[in-house]
> 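Handing you a structure now.
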2 protein chains.
Amino acid sequence: MMRVLVIEDDSALRKIVSTILEEEGYEVDQSIDGKEGLFMSQSGMYDLLIIDLMLPGLDGISLIKELHVKGMNVPTLILTAKDSVADKVKGLDVGADDYLVKPFATEEFLARVRSVLRRAGKIGLEGKIFYGEIVLDTNSMQCSIGKNSLKLTKKEYELLYYLIQNQEKILMRDQIYDRIWGIESDAGESIVDVYIHYLRKKLAPFGYGDSIRTIRGVGYMLTEE
Amino acid sequence: MMRVLVIEDDSALRKIVSTILEEEGYEVDQSIDGKEGLFMSQSGMYDLLIIDLMLPGLDGISLIKELHVKGMNVPTLILTAKDSVADKVKGLDVGADDYLVKPFATEEFLARVRSVLRRAGKIGLEGKIFYGEIVLDTNSMQCSIGKNSLKLTKKEYELLYYLIQNQEKILMRDQIYDRIWGIESDAGESIVDVYIHYLRKKLAPFGYGDSIRTIRGVGYMLTEE
DNA sequence: TATCTTTCTAAGAGAATTTTAAGATTGCCT
DNA sequence: AGGCAATCTTAAAATTCTCTTAGAAAGATA
């Protein structure tokens with residue numbers, strides 16, 4: 001069980017982040033301000049900290065510094081609205097493991113989380129999900145089918161990942177769109193169709209061309225084999 | 001027992017929504033304004049909130065924000081007349097789980113409610129309803145009869161779903177029409193006859209051709225086998 | 001900078017679904 | 001039985017949704 005602490009004062013964002021993580025199977029605790037966050041972090045019970053840079057009480061950078069002074073070495077993912085290089089550098093300098101600018105798409109966020117945890121050695125190399133002979137390796141973001149490896153672009157990979165995670169369940173088009181492209185994206189939802197098509201085309205030679213079923217007027221779903 | 005709180009100032013809409021939900025087996029409470037709604041929500045007794053964006057006292061967005069500040073984490077479905085992307089973004093940003101633009105057909109509304117509850121883990125994955133050997137799976141929107149799977153269009157599925165849920169009860173034609181096509185639809189009510197016919201035709205090969213009884217001058221009903 | 005890859009746009013083809021419409025049939029009432 | 005109204009049944013029209021491309025734009029790589 002992977003424990004995550006989310007330190008974020010914006011309640012909406014905190015809830016979103018927490019929910020996403022919980023749905024993914026992480027155990028999540030939340031903190032609203034920097035001082036409380038620092039205190040909780042020191043318990044040493046967390047595998048990952050997700051920290052906003054702008055915090056009341058104690059800002060994110062100082063929090064991380066403080067932790068290091070105390071010899072704690074927890075993997076950290078910085079979350080912030082700022083896109084400036086300066087901030088990014090500052091964050092990474094101080095020892096954060098990765099950096100994500102909001103708003104972000106869910107899939108992107110989860111990928112970063114996994115990546116940080118992996119680099120920190122918190123998750124082993126199991127990180128794989130399956131559908132028939134298809135294997136997605138979440139560590140290398142690679143896809144293989146039987147002995148063959150299948151080259152997928154990032155978006156294709158994310159889409160397939162989401163589908164496999166929800167096989168046998170209908171995913172509505174807007175659900176997919178929000179998750180992979182993000183609410184803020186301005187590609188229309190029809191981009192989903194296009195990528196479904198790309199995927200089908202790449203999967204077809206292996207006999208999985210018809211695995212993604214269209215539910216007209218609703219969305220798509222990865223069917224039982 | 002699933003408890004829902006409907007916060008909506010338009011009394012007509014509030015009643016309609018509440019009735020629909022009650023008929024579906026939800027336990028429903030109502031609130032007319034934002035402040036009262038917030039107060040009631042805080043009791044923590046609800047599994048789902050349905051909130052209008054435009055409210056007297058305290059608007060929907062602020063209400064949701066307020067709830068989050070207090071650490072409440074209730075699944076939320078936003079209901080509104082506005083269709084703008086901006087609103088959608090605002091709503092979902094603030095942590096609402098889904099968004100429905102009025103006017104809407106009942107079936108669409110209920111589908112969203114189920115979907116939100118499911119995603120929030122409030123209802124399991126069982127979501128199946130039965131009539132004889134006929135099984136409707138609400139997760140995959142699939143219909144099967146014994147070992148066979150029966151392909152239904154969306155409207156056919158919705159109609160059969162409604163019938164099965166109300167087996168042994170007479171459904172008036174306009175009731176069916178309102179539920180599946182929505183009041184705003186301008187196909188005439190006779191479209192119901194046509195779809196009843198489609199259903200009978202598809203069910204006939206399995207011996208369910210006469211299961212939908214016509215009650216002349218009133219409507220239809222799915223009879224005891 | 002040049003080149004290659006990935007992502008997005010846009011639009012027409014194609015399919016499936018939904019709706020219309022009209023004649024045939026059935027049930028009900030006098 | 002005869003007549004009226006409701007329902008059934010079809011087939012075709014209309015509409016909506018998805019597929020499929022090809023190329024433009026954006027981004028990454030060398």
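Order of the sequence lines sets the chain letters (A, B, ...), proteins ahead of strands, with each chain counted from 1. Here the structure is a predicted model, which is why all the values come from computation and not from measurement.
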> Between A/Asp9 and A/Arg14, does at least one N-O distance fall below 4.0 Å, as a salt bridge requires?
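Salt bridge absent between A/Asp9 and A/Arg14.
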> Calculate the interatomic distance between A/Asp193 atom CG and C/dA10 atom C1'; express it in whole Å.
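Going from CG in A/Asp193 over to C1' in C/dA10 covers 13 Å.
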> D/dC19 phosphate, OP1 or OP2: any side-chain N/O from A/Arg200 under 4.0 angstrom?
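Answer is yes, contact under 4.0 Å.
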> Do any side-chain nitrogens or oxygens of A/Thr214 fall under 4.0 Å of OP1 or OP2 in D/dC19?
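For D/dC19, OP1/OP2 do have a side-chain N/O of A/Thr214 under 4.0 Å.
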> Is the distance from OP1 or OP2 of D/dC17 to the nearest side-chain N or O of A/Arg173 less than 4.0 Å?
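For D/dC17, OP1/OP2 do not have a side-chain N/O of A/Arg173 under 4.0 Å.
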> What's the closest nucleotide to the B/Lys151 side chain, out of D/dT7, C/dA21, C/dT17?
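Output: C/dT17.
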> When you check the phosphate oxygens OP1 and OP2 of D/dT10, does a side-chain N or O of B/Lys201 lie under 4.0 Å from one of them?
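For B/Lys201, the contact criterion (side-chain N or O under 4.0 Å from OP1 or OP2 of D/dT10) is met.
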> Can you see if the side chain of B/Thr153 gets near the phosphate of C/dA16 - specifically, an N or O under 4.0 Å from OP1 or OP2?
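For C/dA16, OP1/OP2 do not have a side-chain N/O of B/Thr153 under 4.0 Å.
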> For C/dT9, does OP1 or OP2 lie under 4.0 Å from any side-chain N or O of A/Tyr195?
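Answer is no, no contact under 4.0 Å.
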> Between A/Ile196 (CD1) and C/dC8 (C1'), how many Å, whole number?
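Going from CD1 in A/Ile196 over to C1' in C/dC8 covers 16 Å.
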> Does A/Trp181 make a side-chain N or O approach to OP1 or OP2 of C/dC8 shorter than 4.0 Å?
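It does, given that an N or O in the side chain of A/Trp181 lies less than 4.0 Å from OP1 or OP2 of C/dC8.
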> OP1, OP2 of D/dT10 versus side-chain N and O of B/His197: anything below 4.0 Å?
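Yes, B/His197 has a side-chain N/O under 4.0 Å of OP1/OP2 on D/dT10.
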> Check A/Arg112 with A/Asp98, please: is the shortest side-chain N to carboxylate O separation under 4.0 Å?
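Counted as a salt bridge, because a side-chain N and a carboxylate O are separated by less than 4.0 Å.
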> Atom CZ of B/Arg216 and atom P of C/dT25: how far apart are they, to the nearest Å?
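In whole Å, C/dT25 P lies 15 Å from B/Arg216 CZ.
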> Checking contacts here: which listed nucleotide (D/dC19, C/dC8, D/dA11) is nearest the side-chain heavy atoms of B/Tyr198?
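Of all the options, the side chain of B/Tyr198 is nearest to D/dA11.
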> Nearest to the B/Ala187 side chain among D/dT18, D/dT7, C/dT20, which nucleotide is it?
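Output: C/dT20.
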> Do A/Tyr220 and A/Asp193 have a side chain donor and acceptor closer than 3.5 Å?
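Side-chain D/A pair, A/Tyr220 to A/Asp193: present.
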> Could you check whether B/Glu107 pairs with B/Lys155 (Lys NZ or Arg NE/NH1/NH2 to Asp/Glu carboxylate O, under 4.0 Å)?
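Salt bridge absent between B/Glu107 and B/Lys155.
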> Rounded to the Å, how far apart are B/Met141 CE and C/dT17 P?
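Roughly 11 Å, once rounded to whole Å.
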> Is it true that the side chains of B/Asn139 and B/Arg118 contain a donor and an acceptor less than 3.5 Å apart?
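A pair is found: one side chain offers a donor N or O, the other an acceptor, under 3.5 Å apart.
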